[in-house]
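Here the structure is a predicted model, which means the values were calculated and not measured.
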Amino acid sequence: MSEQRLPKYRPGDEIEMVAHIQHAPMHLREVTARFFSKGQEGGIISHIDLSGTPSISEEQPSQLQAPLQRSEVRLSAKVAPDDAPGVYRLNRVTVKTYGGREHHYSAEELDEMGFEIVEEPDNRPVLHLEMGFRTD
């Protein structure tokens, strides 16, 4: 994945992604995607978790096919002021069911994706003030 094409986010931005899940008839409670940032020496500096609640997709496979359901989940997280700048790569996804099971997917099982956190600019905002008086 090219570093130049990665979406860039600043503190306060909302990071969003969509996951489609095919599964046996069951209810899914939560999906979490963990992205790790690596430092110069290759050690992990920070991680950001995107999470969301799945819902059954409107379009389901026909009953003639395997008895599977499809769910869609919108995962999101807001970039916190203390999230370390750098490139973050998808490392792990966890799918939790209402029955209490957790299914983990490692980086090798997932599509390569990521994003970059950039620092907030130092530019000082330009302030324009107006004052109005009420004449009731």
Pairwise distance [atom1]([X]) to [atom2]([Y]) - rounded to 0.5 angstrom:
X: Met26; Y: Thr97; atom1: CE; atom2: OG1; result: 6.5 Å
X: Glu116; Y: Tyr88; atom1: CD; atom2: OH; result: 10.0 Å
X: Phe35; Y: Leu90; atom1: CZ; atom2: CG; result: 4.5 Å
X: Ile21; Y: Ser71; atom1: CD1; atom2: OG; result: 6.0 Å

Listed by chain and number, what are the salt bridge (Lys or Arg N to Asp or Glu O under 4.0 Å) partners of Glu30, not counting sequence neighbours?
Lys96

State which residues pass salt bridge (Lys or Arg N to Asp or Glu O under 4.0 Å) with Arg74; sequence neighbours excluded, sorted by chain then number.
Glu72

Evaluate Leu110 against Val93 for side chain to side chain contact (heavy atoms under 4.5 Å, CB included), listing each step before the verdict.
CA-CA 8 Å; Leu110 303 167; Val93 172; 3.7 Å; yes

Work out which heavy atom in [X] is nearest to a heavy atom in [Y]; give both atom names and the distance.
X: His23; Y: Arg70; value: NE2-C, 4.2 Å
X: Arg10; Y: Val118; value: CG-CG2, 3.6 Å
X: Pro54; Y: Val31; value: CG-CG2, 3.7 Å
X: Asp83; Y: Lys78; value: OD2-O, 4.3 Å
X: Ile117; Y: Ala84; value: CB-O, 3.8 Å

How about Asp111: does its CG atom have over 12 heavy atoms from other parts shown lying under 6.0 Å from it?
no

If you link I, L, V, M, F, W and Y whenever their side-chain heavy atoms are under 4.5 Å apart, who else ends up in the same group as Leu129?
Leu127

[X]: which residues meet the side chain to side chain donor-acceptor pair (under 3.5 Å) condition with it, sequence neighbours left out?
X: Ser76; value: Glu14
X: Ser51; value: none
X: His20; value: none
X: Glu16; value: none

[X]: side-chain contact (heavy atoms from CB on, under 4.5 Å) partners, not counting sequence neighbours:
X: Glu119; answer: Pro85
X: Arg34; answer: Phe36, His47, Asp49, Arg92
X: Pro11; answer: Glu120
X: His27; answer: Tyr98

Name all pairs fulfilling the salt bridge (Lys or Arg N to Asp or Glu O under 4.0 Å) condition that reach into residues 17-26, sequence neighbours left out, sorted by first residue then second.
none

Does some side-chain heavy atom of Thr32 sit less than 4.5 Å from a side-chain heavy atom of Leu50?
no

Heavy-atom distance under 4.5 Å between the side chains of Leu6 and Lys8, does that happen here?
no

Check the pair Phe115 / Ile48 against side chain to side chain contact (heavy atoms under 4.5 Å, CB included), numbers first and verdict last.
CA-CA 11 Å; Phe115 55 86; Ile48 295 177; 4.0 Å; yes

Begin from the C-alpha positions of Val95 and Leu28 and carry the test side chain to side chain contact (heavy atoms under 4.5 Å, CB included) through to its verdict.
CA-CA 7 Å; Val95 177; Leu28 304 179; 3.9 Å; yes

